[in-house]
Amino acid sequence: MLDKKIQDAINRQLNAELYSSYLYYSMAAWFETKALGGFARWMRVQALEEATHVHKFFAYVNERGGRVELMAIDAPPSEWESPTAVFEEVYSHECKVTGLINELMDLAVAESDHASVAFFQWFVSEQVEEEATADDVLQKLKLVDKTEGGLFLLDQELDKRGFVLPADLAGVF
Ligand SMILES: [Fe+2]
Ligand SMILES: [Fe+2]
């Protein structure tokens with residue numbers, strides 16, 4: 001049975017993952033208005049990936065005999081000054097989420113909940129990747145943001161991103 005403190009913390013994390021998905025959909029919508037369809041696709045994929053994080057937590061709570069509780073999701077921002085400003089927010093948001101995952105891990109360690117420690121480990125590694133990916137796009141944007149040609153090429157590159165359903169979720173969606 002899942003410890004109540006850990007269950008509550010995971011339910012808050014579910015909310016944070018849903019907010020992440022919401023934020024990235026909002027960014028996708030903004031890119032659509034700027035005729036940057038590749039950036040918009042990248043954000044839609046990112047939003048879907050956050051939904052898979054939601055499902056991982058959702059399934060874990062149920063597997064441990066806990067109860068998922070959903071909370072209100074804050075409205076995300078809808079306007080940014082530039083593509084660079086968008087990715088600055090993606091990067092800082094992912095760093096914030098890393099902090100939340102680390103807090104979850106600290107709690108599981110403090111409660112000696114070894115199953116949760118093992119489960120959260122996947123998210124610790126995932127956040128390393130999330131921060132690196134966001135920073136990679138951000139650094140490229142800083143090189144080209146003021147040049148339309150460079151932005152056009154980067155848009156084409158980001159357009160190649162596709163959604164890959166994680167193997168452990170294959171039977172779920
Ligand atoms: Fe996430
Ligand atoms: Fe993320």
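Atoms within each ligand, like the ligands themselves, are counted from 1 in listed order. Both backbone and side-chain heavy atoms feed into the values below; hydrogens, waters and symmetry mates do not.
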May I ask you to check whether over 12 heavy atoms, not counting those of Tyr22, lie within 6.0 Å of atom OH?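 No, not enclosed.
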Just wondering, more than 12 heavy atoms not from Phe163 lying within 6.0 Å of its CZ?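 Count over threshold, so yes.
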Measuring from the Fe ion (ligand 1), name the closest N, O or S atom belonging to His53.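 Answer by atom name: ND1.
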Looking at Glu50, pick out the N, O or S atom nearest to the Fe ion (ligand 1) and give its name.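 Per the distance ranking, Glu50 contributes OE1 as its closest N/O/S atom to the Fe ion (ligand 1).
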Are the ring centres of Phe87 and Trp42 closer than 6.0 Å?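 Between Phe87 and Trp42, the centre distance is under 6.0 Å.
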Under 3.5 Å side-chain donor-acceptor pair for Ser21 and Glu50: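 Short answer, no.
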Is the distance between the Fe ion (ligand 2) and the nearest N/O/S atom of [X] smaller than 2.8 Å?
{"X": "Glu130", "answer": "yes"}
{"X": "Glu17", "answer": "no"}
{"X": "Glu126", "answer": "no"}

Going by the angle between their ring planes, with limits at 30° and 60°, are Trp30 and Trp80 parallel, tilted or perpendicular?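 Plane angle over 60°, so perpendicular.
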Between the Fe ion (ligand 2) and Glu94, which N, O or S atom of the residue is the nearest one?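 Within Glu94, restricted to N, O or S, the Fe ion (ligand 2) is closest to atom OE2.
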